[in-house]
Amino acid sequence: NIVYDIKGLEALRERVKDILGAKDIIVVPGNADTNPYVLRELGIAAGKVILSLLPEVKIIAVTGGQTVKEVVDNFPRCSFKDILVVPARGGIGQEVEKQANTLAASLAKKLGGKYKLLHLPDTMDEEIYKLIVRKEEVQDVLNDINNADMLIFGIGNAIEMAKRRKFGEEMIEKLKEVGAIGEIFGYYFDKEGNIVYSTTTVGIKLEKIKNIKYMIGVAGGAHKAEAILSLNGIKHNTIFVIDEGIARRILSIK
Ligand code: G3H
């Protein structure tokens, strides 16, 4: 019965929270790999957590992807006109509906707040990167990104994300060789949590995120369990909103 299920999920939540050493975790029933409606439930659950923290937040940075899109799409309209929303990083590499820019603007609209955008590619040559980051309007947004007090981010499988970002075969082989497992905003982690690769992109830097007060990591689908486990150095400071599929797989691995 339902009461039994809720108790089961709560026990699962506590065990997985301990395994991850996470700041907190929320587990929604189901597995997004086999039931697409679960992503919507994840979005709603993450939205509730975010809403409860907003009174203490001034700048929110968001990443792209389907999961963060679910958070934004299911977020209620409210009134936080002083909050600024920025994309965590440049990224016009994916479909426009899922780009960090689009999600930042949509979330700002839901909040009744403000937004700033970064119209830059996901990856670029080092030389071009150095020129672009010097531009005043880019510096202005970067400054806000670096002062974000909340980061809402999706978590990906390293190889899946590399393919989505249209990395070449050779690069994908290299990522496999170095043992890349998890990915968040352009950083690729191996099983031990070492960063084995990062894309040259304008935006949030990993060394800055320890200063972020609220890190909200959202992911659904059992196939993302290993990716979450790889996020050493980040897990302790993150509130994870995950589905039962991931939670059960984490338990079975550990
Ligand atoms: O960086 C990881 C991605 O944000 C995950 O994307 O939510 O579309 O699976 P997704």
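Atom set for the values below is all heavy atoms of this structure, side chains included, hydrogens, waters and symmetry mates excluded. Both ligands and their constituent atoms are indexed starting at 1 by order of listing. Throughout, numbering of the chain's residues begins at 1 and tracks the sequence.
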Atoms in ligand 1 with a heavy atom of [X] nearer than 4.0 Å:
X    : result
G64  : 4 (O)
T67  : 7 (O), 9 (O), 10 (P)
G156 : 2 (C)
G154 : 1 (O), 2 (C), 4 (O)

Heavy-atom contacts under 4.0 Å between E70 and ligand 1: side chain, backbone, both, or neither?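 Near ligand 1, E70 shows nothing, with every heavy atom at 4.0 Å or more.
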Answer yes or no: are there more than 12 heavy-atom neighbours, outside [X] itself, under 6.0 Å from its atom [atom1]?
X    : atom1 : result
Y214 : OH    : yes
E127 : CD    : no
K110 : NZ    : yes

Between D33, I242, T67, D243, which is the residue that forms a side-chain contact (heavy atoms from CB on, under 4.5 Å) with K224?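 Among D33, I242, T67, D243, the one meeting side-chain contact (heavy atoms from CB on, under 4.5 Å) with K224 is T67.
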Out of K98, R164, H223, R165, whose heavy atom sits nearest atom 6 (O) of ligand 1?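 Answer by nearest heavy atom: R164.
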Counting distance only, does the side-chain N/O of K116 pair as donor-acceptor with the main-chain N or O of L84 below 3.5 Å?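 Checking the backbone N and O of L84 against the side chain of K116, no donor-acceptor pair under 3.5 Å is found.
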Verify side chain to side chain contact (heavy atoms under 4.5 Å, CB included) between I204 and Y187, making sure each step is shown before the conclusion. CA-CA 10 Å; I204 204 144; Y187 290 93; 5.5 Å; no
Consider every N or O of E183 and every N or O of ligand 1, then say whether any pair is closer than 3.5 Å.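 E183 vs ligand 1: N/O contact under 3.5 Å present.
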Please indicate whether any nitrogen or oxygen in V68 is less than 3.5 Å from any nitrogen or oxygen in ligand 1.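 No; the residue has no nitrogen or oxygen that sits under 3.5 Å from a nitrogen or oxygen of the ligand.
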Contact between ligand 1 and E160 is defined here as a heavy atom of the residue under 4.0 Å from a ligand atom; is it met?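 Outside the 4.0 Å threshold, so no.
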Residues in side-chain hydrogen bond (donor to acceptor under 3.5 Å, both in side chains) with E137, at least two apart?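 Partners of E137 under the side-chain hydrogen bond (donor to acceptor under 3.5 Å, both in side chains) test: none.
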